[in-house]
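This report concerns only the one structure given below.
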Amino acid sequence: MDRRDFVKNGVVGLAGLTIMPSGVLFGKNADKVRLGYIGVGLRGRNHIGEGLLRDDVEIVAICDIQESSLKYCREQFVKAKKKLPAEYTGGLDAYKKLVDRKDVDAVIISTPWQFHKDQSIYAMRAGKYVGCEVIAGISVQDHWDILKVYKETKVPYMTLENVCYRRDVLAVLNMVRQNQFGELVHLEAGYQHDLRGVLFNDGKNFNGKGAEFGPNTVGEAQWRTQWNIDRNGDIYPTHGIGPIMNYIDINRGNRFTNLVSFASKSPGLNAYIKKVSPGNKNENIKFKNGDIVTTQMNCANGETVMLTHDTHLPRPYSIGFRVQGTEGLWMDVADAIYIEGKSKTYDEWDKANVWLEKYDHPLWKKYEHLAEGAGHGGMDWFVFNAFIQAVKQKKQTPIDIYDSLTMSVITPLSEKSIAEGNMPQEFPDFTEGAWKDRKNTFALDDSGF
Ligand SMILES: NC(=O)c1ccc[n+]([C@@H]2O[C@H](COP(=O)([O-])OP(=O)(O)OC[C@H]3O[C@@H](n4cnc5c(N)ncnc54)[C@H](O)[C@@H]3O)[C@@H](O)[C@H]2O)c1
């Protein structure tokens with residue numbers, strides 16, 4: 001069975017009805033999820049690609065404020081020989097008309113970060129499941145505002161955090177659950193990705209050499225670069241922290257209690273501009289965001305966590321996971337695992353693959369053939385499928401509102417810590433005490449993951 005056969009048949013038989021609290025529109029399991037997409041730039045079109053492959057998804061409408069994005073998106077439908085969706089454009093509020101459509105069950109939001117809060121709140125109020133790309137809100141208060149609407153509507157909200165589904169990440173979750181690392185003590189991760197070619201281009205080509213950013217450029221250079229001028233903090237924490245939250249049961253028996261952040265100086269982007277476009281007007285811009293921002297966090301159960309944001313300097317991509325406990329550790333940069341008494345040689349690393357293959361997660365074993373070819377090594381299939389299955393079965397999403405807000409609020413907290421001279425910041429408990437009793441069920445079954 002290939003990707004296309006699968007999506008015809010659906011991933012699992014529809015299990016018993018899970019009744020959602022009031023606010024969610026439909027009352028019985030749906031065969032098809034009718035999706036509206038808000039933002040069809042690069043990421044939105046990845047999600048379109050996944051949706052177009054499935055017969056249990058109908059993309060009824062798309063919204064974007066740029067004709068170029070809509071045009072590329074239309075081409076995807078033509079290539080897939082699917083009916084063109086309705087289009088909404090013409091202003092920052094155009095998305096509201098898409099959300100208001102009676103035939104939209106759920107929305108996928110892939111717009112720049114500053115729009116996520118209002119767009120998700122509007123969708124939740126309309127009773128539409130929200131699958132929102134990473135970063136829920138900008139300020140700490142934004143996160144509370146989103147929670148308030150969730151509590152009023154009970155409409156599920158999921159951050160589409162794909163790294164939670166990466167194959168090695170899930171294999172390590174499997175190892176954690178089978179106690180291979182013993183009691184976890186310290187964890188590290190980060191967003192360590194040379195984004196210089198994304199933050200700047202020549203206005204014509206994605207990743208085209210150039211030193212421009214803002215409205216006359218293409219892709220994320222239009223909006224993401226400005227955040228590096230205006231903010232100093234970990235502005236992209238979710239890819240690293242999402243998986244860690246699953247390893248140590250955050251919001252499900254554990255919680256972050258406080259954090260403190262440090263920012264280095266920031267010559268990286270200026271050096272890049274000087275290199276690719278000597279004499280460019282942008283070469284002396286003051287980038288407020290430190291080239292390396294590190295954040296240390298404490299947990300109620302005593303673990304420590306360190307996160308790194310590192311996107312302005314030359315480096316190969318790596319999240320830099322370190323998962324360490326009383327019996328051993330995984331370090332993804334070293335591509336290594338060491339388990340005391342079980343590793344081949346005392347005090348020497350095993351190649352990580354020896355362990356990762358042995359503990360390959362059951363979900364990957366089962367769905368590998370379907371995820372093959374999907375974005376980011378297949379994990380994009382898993383995150384999209386998880387959202388669709390939750391909508392179809394009227395279930396809570398596997399990454400829920402509390403997880404989503406917890407991942408994202410690290411940005412304003414780290415910013416505040418740095419602005420106050422590296423002062424510790426108390427971590428908000430969005431669960432309001434419920435973390436003590438909530439259970440970690442992430443990726444434990446395949447009816448929504
Ligand atoms: N999970 C991942 O692996 C991953 C990868 C890339 C991007 N992302 C996230 O996806 C989101 C989008 O990033 P991107 O790379 O697609 O950016 P992009 O700039 O390529 O696309 C954003 C799109 O949103 C549109 N837009 C802007 N304001 C809008 C509005 N008010 N209403 C409707 N459309 C609007 C833009 O015209 C553009 O087409 C961001 O949150 C980003 O961090 C996640």
Side-chain angles (χ1 to χ4, degrees), residues 1-12 30-64 69-70 72-87 98 104-111 116 123 128-134 156-167 169-170 238-239 242 363-364 366-393 395 397-399 404 443 446-449:
M1 189 162 78
D2 70 6
R3 259 158 88 68
R4 189 161 287 275
D5 289 334
F6 147 73
V7 289
K8 277 203 171 81
N9 301 322
V11 72
V12 283
D31 299 332
K32 225 177 231 243
V33 171
R34 297 164 305 173
L35 285 183
Y37 283 66
I38 308 174
V40 289
L42 276 183
R43 188 62 182 155
R45 295 199 298 276
N46 289 156
H47 292 306
I48 291 271
E50 286 303 313
L52 283 173
L53 268 177
R54 307 177 68 114
D55 281 355
D56 61 351
V57 163
E58 184 186 350
I59 305 174
V60 292
I62 59 174
C63 167
D64 203 288
S69 296
L70 289 166
Y72 286 127
C73 191
R74 258 176 240 131
E75 287 166 7
Q76 289 180 287
F77 283 79
V78 171
K79 204 164 160 209
K81 298 191 172 54
K82 293 262 177 147
K83 188 175 155 229
L84 286 173
E87 286 182 17
L98 174 148
V104 166
D105 303 319
V107 293
I108 303 271
I109 299 173
S110 311
T111 49
H116 291 181
K128 314 295 167 88
Y129 266 70
V130 173
C132 185
E133 261 307 334
V134 297
Y157 174 113
M158 174 170 170
T159 289
L160 300 172
E161 183 33 76
N162 44 349
V163 182
C164 290
Y165 295 94
R166 210 171 86 175
R167 192 168 199 156
V169 163
L170 278 180
T238 71
H239 292 332
L363 289 177
W364 264 95
K366 191 165 173 187
Y367 298 119
E368 167 180 17
H369 56 300
L370 304 172
E372 208 174 297
H376 294 106
M379 63 193 182
D380 287 357
W381 177 85
F382 280 92
V383 74
F384 187 81
N385 183 63
F387 179 67
I388 296 302
Q389 294 302 332
V391 182
K392 272 170 82 168
Q393 298 170 47
K395 287 177 43 162
T397 51
I399 296 170
S404 302
D446 62 5
S447 60
F449 305 177

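This one's a predicted model, so the numbers in the text were calculated from it and none came from an experiment.
Ring geometry for Phe387 against Tyr129 counts as perpendicular: the plane angle is over 60°, on a 0 to 90° scale with 30° as the lower cut.
Under the 3.5 Å distance criterion, with hydrogens and angles disregarded, no donor-acceptor pair is assigned to the side chains of Asp380 and Asn46. Side-chain N/O atoms of His116 and Glu133 include no donor and acceptor closer than 3.5 Å.
Counting only distance, with no hydrogens or angles, the side chain of Gln389 and the backbone of Val391 share no donor-acceptor pair below 3.5 Å. At least one donor-acceptor pair under 3.5 Å links the side chain of Arg45 to the backbone N or O of Val40.
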Worked verdict on Phe382 versus Trp364 for ring pair (Phe, Tyr, Trp, His ring centres under 6.0 Å)
CA-CA 9 Å; Phe382 280 92; Trp364 264 95; 4.6 Å; yes
Please report the C-alpha distance between Ile388 and Arg54 in whole Å, then the side-chain angles of each, then the deciding distance to 0.1 Å, and finally whether the side chain to side chain contact (heavy atoms under 4.5 Å, CB included) criterion is met.
CA-CA 10 Å; Ile388 296 302; Arg54 307 177 68 114; 4.0 Å; yes
Start with the C-alpha distance between Val107 and Tyr37, add both sets of side-chain angles, then the distance that settles side chain to side chain contact (heavy atoms under 4.5 Å, CB included), and finish with yes or no.
CA-CA 6 Å; Val107 293; Tyr37 283 66; over 6 Å; no
Step-by-step side chain to side chain contact (heavy atoms under 4.5 Å, CB included) determination, Arg167 to Val169:
CA-CA 5 Å; Arg167 192 168 199 156; Val169 163; over 6 Å; no
Check the pair Ser404 / Ile399 against side chain to side chain contact (heavy atoms under 4.5 Å, CB included), numbers first and verdict last.
CA-CA 7 Å; Ser404 302; Ile399 296 170; 3.9 Å; yes
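With values rounded to the nearest 0.5 angstrom, Ile108 atom CD1 is found 10.0 Å from Ile38 atom CD1.
The residues Lys83 and Glu58 are annotated as not salt-bridged, no charged nitrogen and carboxylate oxygen being separated by less than 4.0 angstrom. For Lys392 and Asp56, the salt-bridge test passes: some basic side-chain N is under 4.0 Å from an acidic carboxylate O.
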